[in-house]
*Asks:* 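Handing you this structure, nothing more for now.
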Amino acid sequence: QVQLVESGGGLVQTGGSLRLSCAASGHTFAIFIMSWFRQVPGKEREFVAATIRSTGTTDYADAVKGRFTISRDSANNTVYLQMNSLKPEDTAVYYCASARRWVPKTTPRAYDYWGQGTQVTVSS
């Protein structure tokens with residue numbers, strides 16, 4: 001079992017920045033990939049960014065490329081999402097997810113574990 005706990009969400013103005021954290025505990029040795037998703041009411045959960053735990057390889061959704069950066073601190077089993085130049089359309093609940101093997105990284109149902117989510121609100 002892996003437990004994921006997100007933090008760092010909040011209210012920010014357009015153009016501002018936030019850094020989200022996702023702390024993993026439990027059987028963290030089994031984690032292969034960690035990702036961030038986001039969801040707004042009435043819409044499907046949307047892929048944001050992913051990182052391979054062992055190599056640090058990253059990937060991003062087109063909507064956030066150049067503005068968001070995913071990084072990891074393997075020693076502390078924590079993944080971060082630095083969000084810059086935030087826009088109102090970035091408003092969502094942001095979730096951290098992990099999988100024990102290679103998965104289609106943009107597919108939510110492929111992941112094994114999820115955090116509880118943290119709200120990000122960008123005011124215009």
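Side chains are part of it too, since the values below use all heavy atoms of this structure and drop only hydrogens, waters and symmetry mates.
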*Asks:* Answer with yes or no whether the hydrophobic clustering places Val64 together with Tyr95; edges join I, L, V, M, F, W, Y residues whose side-chain heavy atoms lie under 4.5 Å apart.
*Replies:*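 Per the 4.5 Å side-chain linkage, Val64 and Tyr95 are not co-clustered.
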*Asks:* Run the side-chain donor-acceptor check on residues 6-13: report pairs under 3.5 Å with partners two or more places apart or on a different chain.
*Replies:*
| unit_1 | atom_1 | unit_2 | atom_2 | d |
| --- | --- | --- | --- | --- |
| Glu6 | OE1 | Gln116 | N | 2.9 |
| Glu6 | OE1 | Gln116 | NE2 | 3.4 |
| Glu6 | OE1 | Gly117 | N | 2.9 |
| Glu6 | OE2 | Cys96 | N | 2.7 |
| Glu6 | OE2 | Gly117 | N | 3.3 |

*Asks:* Between the side chain of Thr106 and the main-chain N/O of Phe47, is any donor-acceptor distance below 3.5 Å?
*Replies:*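 Absent.
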*Asks:* Taking Asp73 for the side chain and Ala75 for the main chain, is one N or O donor matched with an acceptor at less than 3.5 Å?
*Replies:* yes
*Asks:* Counting C-beta onward and ignoring hydrogens, is there a side-chain heavy-atom pair between Thr91 and Val120 closer than 4.5 Å?
*Replies:*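 No. Closest side-chain heavy atoms not under 4.5 Å.
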*Asks:* Are Tyr113 and Ile70 co-members of a hydrophobic cluster defined by side-chain heavy atoms under 4.5 Å apart?
*Replies:*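 As far as the 4.5 Å side-chain criterion goes, Tyr113 and Ile70 are connected within one cluster.
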*Asks:* Distance-only check: which donor-acceptor pairs under 3.5 Å involve side-chain atoms of residues 26-36, not counting sequence neighbours?
*Replies:*
| unit_1 | atom_1 | unit_2 | atom_2 | d |
| --- | --- | --- | --- | --- |
| His27 | ND1 | Gln1 | N | 3.2 |
| Ser35 | OG | Tyr111 | OH | 2.7 |

*Asks:* Same cluster or not: Met83 versus Val79, using hydrophobic residues (I, L, V, M, F, W, Y) connected whenever any side-chain heavy atoms lie under 4.5 Å apart?
*Replies:*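 Yes; tracing contacts between hydrophobic side chains, which count when under 4.5 Å, links both residues.
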*Asks:* Check whether any side-chain N or O of Thr51 sits under 3.5 Å from a backbone N or O of Arg53 as a donor-acceptor pair, and report yes or no.
*Replies:*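 It does not hold such a pair.
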*Asks:* Gln119 and Val93: which non-hydrogen atoms are nearest, and at how many Å?
*Replies:*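 That would be OE1-CG2, 3.2 Å.
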*Asks:* Taking all heavy atoms of Ala49 and all of Leu81, pick out the closest pair and write down the distance.
*Replies:* CB-CD1, 4.2 Å
*Asks:* Output all residues satisfying side-chain contact (heavy atoms from CB on, under 4.5 Å) with Val40, sequence neighbours left out; order by chain, then residue number.
*Replies:*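 Counting only residues at least two positions away or on another chain, Val40 forms a side-chain contact (heavy atoms from CB on, under 4.5 Å) with Lys43, Ala92.
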*Asks:* Applying salt bridge (charged side-chain N to carboxylate O under 4.0 Å, His left out), which residue pairs with at least one partner in residues 19-41 are found, sequence neighbours left out?
*Replies:*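 Pairs touching residues 19-41 that pass the test: Arg38-Glu46, Arg38-Asp90.
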*Asks:* Indicate the atoms forming the closest heavy-atom contact of Trp114 with Pro108, along with that distance.
*Replies:* CZ2-O, 3.3 Å
*Asks:* Could you note down all residue pairs passing salt bridge (charged side-chain N to carboxylate O under 4.0 Å, His left out) where residues 111-124 supplies at least one of them, sequence neighbours left out?
*Replies:*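 Passing the test, one end in residues 111-124: Arg100-Asp112, Arg101-Asp112.
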*Asks:* Quick check: closest heavy atoms across Val103 and Ala110, and the distance to 0.1 Å?
*Replies:*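 Val103 and Ala110 have their closest heavy atoms at CG1-O, 3.6 Å.
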*Asks:* State whether a side-chain donor-acceptor pair under 3.5 Å links Ser17 with Asn84.
*Replies:*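 Ser17 vs Asn84: donor-acceptor pair found between side chains.
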*Asks:* Can you check whether Lys105's main-chain N or O pairs, donor with acceptor, with Thr107's side chain at less than 3.5 Å?
*Replies:*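 Looks like no, no N/O pair under 3.5 Å.
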*Asks:* Please identify each residue that fulfils ring pair (Phe, Tyr, Trp, His ring centres under 6.0 Å) with Phe68, with sequence neighbours left out.
*Replies:*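 Phe68: no ring pair (Phe, Tyr, Trp, His ring centres under 6.0 Å) contacts found.
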*Asks:* To the nearest 0.5 angstrom, please state how far the CD1 atom of Ile52 sits from the CH2 atom of Trp102.
*Replies:* 4.5 Å
*Asks:* Answer yes if Leu4 and Leu20 sit in the same cluster of Ile, Leu, Val, Met, Phe, Trp and Tyr residues linked by side chain heavy atoms under 4.5 Å apart, and no otherwise.
*Replies:*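 They do share one cluster, since a chain of ILVMFWY contacts under 4.5 Å joins Leu4 to Leu20.
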*Asks:* How many angstroms lie between atom OG of Ser25 and atom CD of Gln3, to the nearest 0.5 angstrom?
*Replies:* 4.0 Å
